[in-house]
Amino acid sequence: MTEQGVGASLRRKEDARFLHGRGRYVGDIAPRGLLEVAFLRSPVAHARLTGIGKPEGAEERVFAAADLPEIGPIRANSALPGFRASDQPALATGKLRHVGEPIAACLAASRAEAEDLAAACRLDYEPLPAVADMLTARAPGTPLIHEHWPDNAFLETRRDEDLSDLDAVAAAKVVRRLRTARQSMAPLEGRGVLAEWDPRLEQLILTSSTQMPHVTKTGLAECLGLDEGQVRVIAPDVGGGFGYKGILLPEELVCAALAIRLGRPVRWLEDRLESLTAHANCREHHYIVTAWADAGGRLLGAEVDATVDAGAYSCYPFSACLEAAQIGSIFPGPYTLPRFRYRTVSACTNKPPILPYRGVARTGVCYAMETTLDALARKLGLSAEAVRLANLVPPEAMPYRNLVGKVFDSGDYPEAVRRAVAAVDVPRIRARQAAGECVGFGLSVFCEQGAHGTSVYHGWGIPFVPGYEQAQARFTPDGVLELRTGVHSHGQGLETTLAQVAHEVLGVDPARVRLVHGDTALTPYSTGTWGSRAMVMAGGAVAEACRLLGERAIAIGAALLQAEPGTATLRNGAVQAGEASISLDQIARTWFRHPQNLPRDVDKGGLEVTAGYRPDPDTGTHSYACHAVTVRIETETGLVTIEDYVVVEDGGRLVNPMIVDGQVLGGTAQGIGTALYEEMPFDAEGQPLAGTLADYLLPGATEVPSIRIDHMETPSPWTRFGQKGIGESGAIGPPAAIINAINDALAPLGAEVTDLPATPARLLAAIEAAR
Amino acid sequence: MKPAAFDYARPADWPAALALLAGGARPMAGGQSLGPMLNLRLAQPERVADLRHLPGYAGVEVQGEAIRIGAGTTHAAIEDGAVPGRLGAILAGVARRIAYRPVRNRGTIGGSLAHADPAADWVAVLPAFPGHAVALGPYGERRIPLARFVTGVFETALAPGELLRAIELPVLPETARWSHWKFCRKPGEFSKATACLLALPDAPPRLVLAALDTAPLVIEDATGLDPAALVTSISDPWRRRLALTALRRVLEGAA
Ligand SMILES: Cc1cc2nc3c(=O)[nH]c(=O)nc-3n(C[C@H](O)[C@H](O)[C@H](O)COP(=O)(O)OP(=O)(O)OC[C@H]3O[C@@H](n4cnc5c(N)ncnc54)[C@H](O)[C@@H]3O)c2cc1C
């Protein structure tokens, strides 16, 4: 390890601009002649839309679906058998399917005036009964959201295996009904879109707060009937993604169509009200889990019946079934589950369409599996740790293929549990409990698949399949190294970590490395930043591009040093042969400005390389972690205080341990929100009830405890440096570990919490019910 | 979430402020409640009268046995000790737990009381004190006992055209006993149950239960109070439990 290469906790290059408030977001960009958009949105969850009255004199500034026929519907299909596709109109046509669905775009010189217009529009609709509960969405007689469907479900998947013999042989059987709440991802910066038409290039320039500019470009071209050369998407600084910005937006299509139509720049900035109410779009799962174990806590089998509230439409590109259908393949988690039966349902409801949020289905799945394991442990009189150790995939079995075909690359899962437990004074917690204190200790263990590629995604048949990730590396005439990637960095610190990779390969000072990202005109195509893939995929691609660039530099350097080809090497940013050396700067200068000095057989591709990369196999890396939590409960009020939080995490080789810590901390904070605070309640009419951050509680600095992180570093055998995807991990483990700790504390009262978030009201209700 | 258009006026003296109010203007102090209401278009006044530049609107004066706190005094000023003595220490403790510092830097004691959100801190705490709200109208000033100032949810005893000018509280002896408890899970979340109790030497202990869906409940003499009897009308079991806890805590705390 060098001081700046792979493995170094290099300070983040991007922080100077962020900490000084010099980041540039969509909201900071206001070209001359800008028109601001306010959307007239559906006030009801389900209705037949019969008419829109535009304010008198403003007919030219209000655009409904009929005014923009050039926009085709968003269609995110899946190839999974039985999947029902939904056409999502960018602006509602015929029906209104969730509160907040865009109906018309209102344009004015300022947002306030645009909102005046929206408020002055008249809306005619015939209300329909709302489908607000995913569990009854398919009941006979329920009104259909998409009327040509037989019932309100996008997809049902199953794995049948007869488990009927287990009742007779198991030492313990538990059944749990569990629920996670609908959340709003609430990134600091909401969505934002600025659309401009460039008449010179005959090109749409869409600046959007997005995680995947290239996919957005493809989707825009498809829905607007443009060729992809006519679309350029720019993602400037993006204030938080988390999956919220991994989507082709109706608002993007509308702004784009308006900019083309009007020849003027058009901008929409999502506000907090829209973000909370129109776009509360993740995490709502329901499980019935049955598990059987022997007396030693070894799982004999499990059955899961899972329903996910997928909302009203299938979002582009991830589709409406990515969460639910994945539950089947990830439920076994890090364990050697021998027998398994499941059914999953992606229910269609009158709520905002679901998006995968950091951790995707894993946060719910981990919650379901880990609380069930603790229930088994309590029933068998075993410790939570003992039950985990009885079931975790052992290190000697790696790489391990589980019963549903997931392949785990490497790691020592049991060791993570042992370390986490060792970091906590569990006997003291037990002593406090014995003394009557309401305190508890809880664990969760999970693995996180990251950077899974073609072999995994082609089967989903959704609008994209990730393939080879490409990166470009090139020298400027003065020897600065420019990297160009199609992944976008919005908090991950890629401007730093990819520079570290380049430094590792070429020895160039990271201060002299620039990352160009977030512009489809300047970067190679990529599916973008999602699925904990950027460091594995773009890291691998940058390394490969730099390696090839290095070879070309060596060839030129060797010639300039008059050394035999093959005797020169690249070290510390210079080509060396014997005692002689020549810096990469000088080599760059030669190629660009003194080509007369180049050898005759020089590679004419010059000092610019595009390289592709995909790990082999590409089934994904599996990082894993154990979270160990101590809580204290005030039984009079139901208030939960997290006294201690330990994370033992294995992300393979850490490219920048400090940045990984940041990822783990941020994710864990979000997971604490899922566990204890965040909930977007909907009433029976499908109305979202938390319209401000005073009602939708996010954990803040005062609610997130200091988190103790311990790293293990088992390299992945399949990636360039042994690195694994780790971006989502922190958000997966907290609900399971925190609720397990709560239930450990409540055990003497005979009470148990099953629904998230574990609010004081729910805790007191559970205590009351146990009385 | 942008306000509907309104005119903005900044009266330089009190008669001008009253004249604006008579013309239908909505007074604005720190804007920490009115601002969000304007943005959400829950309030759509034609004109806003910004009170912050009125002479003597902010500031604290000791007048014999009374301490007069200008309605425009910010939570932050009170937190930082603008009010002297035992009273000041009690009020600083309350102020410190209102929202976050940036909100406290702007939000005012008068704005909070006039807003009369049943869960707000000043609304819950001030009725415990034998003091007055000083209202200013076209006729001059009048004094309204603090225990009767907030009359309902977002309702006060201010008449149309009146402004809240100041709050007058007694200088408290060092021996005054005070206890205060509120439940919220994070700073800035509105309280789900608040109670406070003030026991002055030679006077019965005064108790307030607040953050209900009514005006605060003021008990002039809390001696021998049965907390359970006081909360029977709260229908939500968790809120009832919290209110009960609030009462028990302040009764214990003042003991
Ligand atoms: C994020 C956040 C968190 C908060 N958390 C808390 C909390 O924990 N506890 C708490 O108690 N409060 C909290 N608040 C509210 C805050 O304390 C406000 O400052 C207070 O409620 C209003 O005071 P203001 O000076 O800002 O008044 P404004 O917002 O300016 O006015 C409020 C209302 O009072 C009227 N008004 C103002 N001054 C006068 C006057 N002199 N005469 C007559 N009417 C007048 C206005 O017309 C308006 O209707 C929070 C606010 C925010 C934004």
Side-chain angles (χ1 to χ4, degrees), chain A residues 36 38-39 106 108 110-120 190 269-278 634-642 672-673 676-678 690-704 757-769 771, chain B residues 1-6 8 32-33 35-42 44 96-103 107 115 117 119-120 181-195 211 227-228 231 234-253:
Chain A
E36 302 268 13
F39 281 95
C106 306
S110 72
R111 172 67 179 249
E113 292 163 287
E115 286 185 23
D116 290 346
L117 277 182
L269 299 175
E270 180 188 60
D271 66 23
R272 195 54 70 185
L273 185 65
E274 290 175 301
S275 168
L276 285 175
T277 58
E634 199 176 66
T635 47
E636 276 179 293
T637 61
L639 186 73
V640 175
T641 305
I642 298 174
I672 289 172
L676 296 175
Y677 298 99
E678 295 182 44
T692 72
L693 292 177
D695 312 302
Y696 186 88
L697 289 196
L698 292 167
T702 41
E703 288 70 50
V704 178
T759 57
R762 286 204 173 98
L763 245 74
L764 278 196
I767 294 172
E768 208 60 46
R771 283 231 166 97
Chain B
M1 277 173 73
K2 299 283 181 211
F6 58 83
Y8 172 83
Q32 296 304 290
S33 293
M37 288 182 344
L38 290 170
N39 281 341
L40 291 164
R41 300 196 173 198
L42 298 172
Q44 301 200 12
R96 194 172 301 126
R97 295 190 58 208
I98 300 175
Y100 323 92
R101 184 74 191 195
V103 173
H115 186 52
D117 184 321
W181 190 86
K182 76 165 172 173
F183 184 86
C184 57
R185 282 186 287 162
K186 56 177 284 192
E189 186 196 17
F190 272 89
S191 168
K192 300 292 180 282
T194 307
V231 299
I234 304 174
S235 57
D236 178 85
W238 176 60
R239 297 294 288 270
R240 188 166 60 237
R241 183 68 178 270
L242 285 183
L244 192 63
T245 304
L247 289 170
R248 287 188 180 143
R249 293 279 172 97
V250 297
L251 288 169
E252 284 162 16

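Fair warning: this is a prediction, and the values are worked out from it, not measured in the lab. Residue numbering restarts at 1 for every chain, and letters A, B, ... go by the order of the sequence lines.
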Practice item. Could you pull out all residues at least two apart from Asp117(B) that satisfy salt bridge (charged side-chain N to carboxylate O under 4.0 Å, His left out)? Key: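 With sequence neighbours excluded, Asp117(B) shows a salt bridge (charged side-chain N to carboxylate O under 4.0 Å, His left out) to no residue whatsoever.
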Point to revise | With Glu36(A) via salt bridge (charged side-chain N to carboxylate O under 4.0 Å, His left out) - residues at least two apart | key: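 Listed in chain order: Arg267(A).
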Check your understanding: Under 4.5 Å between any side-chain heavy atoms of Pro760(A) and Arg185(B), yes or no?
Key ->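 Sidechains of Arg185(B) and Pro760(A): in contact.
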Exercise for review: Would you indicate whether the side-chain heavy atoms of Asp271(A) and Asn39(B) approach each other to under 4.5 Å?
Suggested key: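 In short, these two side chains do not touch, never coming nearer than 4.5 Å.
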Per-residue contact mode, [X] against chain B (heavy atom under 4.5 angstrom):
X	result
Thr692(A)	side chain
Glu113(A)	neither
Leu764(A)	side chain
Leu676(A)	backbone
Thr702(A)	side chain

Review point. Roughly how far, to the nearest 0.5 Å, is CG of Leu639(A) from NZ of Lys192(B)?
Key: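 So the gap between those two atoms works out to 12.0 Å.
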Point to revise | Atom pair CD/CG of Glu189(B) and Asp695(A) - distance to nearest 0.5 Å | key: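 So the CD of Glu189(B) and the CG of Asp695(A) are separated by 9.5 Å.
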What heavy-atom pair brings [X] and [Y] nearest, and what distance separates the two atoms?
X	Y	answer
Ala4(B)	Asp116(A)	CA-OD1, 4.2 Å
Pro3(B)	Ala112(A)	O-CB, 3.9 Å
Met1(B)	Arg111(A)	N-NH2, 4.5 Å
Ala119(A)	Arg41(B)	CB-NH1, 4.3 Å

**Study point:** Region of Leu244(B) that comes under 4.5 Å of a non-hydrogen atom in chain A
**Key:**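 Contact with chain A is absent: no heavy atom of Leu244(B) under 4.5 Å.
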**Study point:** Pair Glu636(A) + Arg248(B): basic N to acidic O under 4.0 Å
**Key:**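 Looking at Glu636(A) and Arg248(B), the cut-off is not met.
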Check your understanding: Under 3.5 Å, is there a donor-acceptor pair between the side chain of Lys186(B) and the main chain of Leu698(A)?
Key ->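 Yes: the side chain of Lys186(B) pairs with the backbone of Leu698(A).
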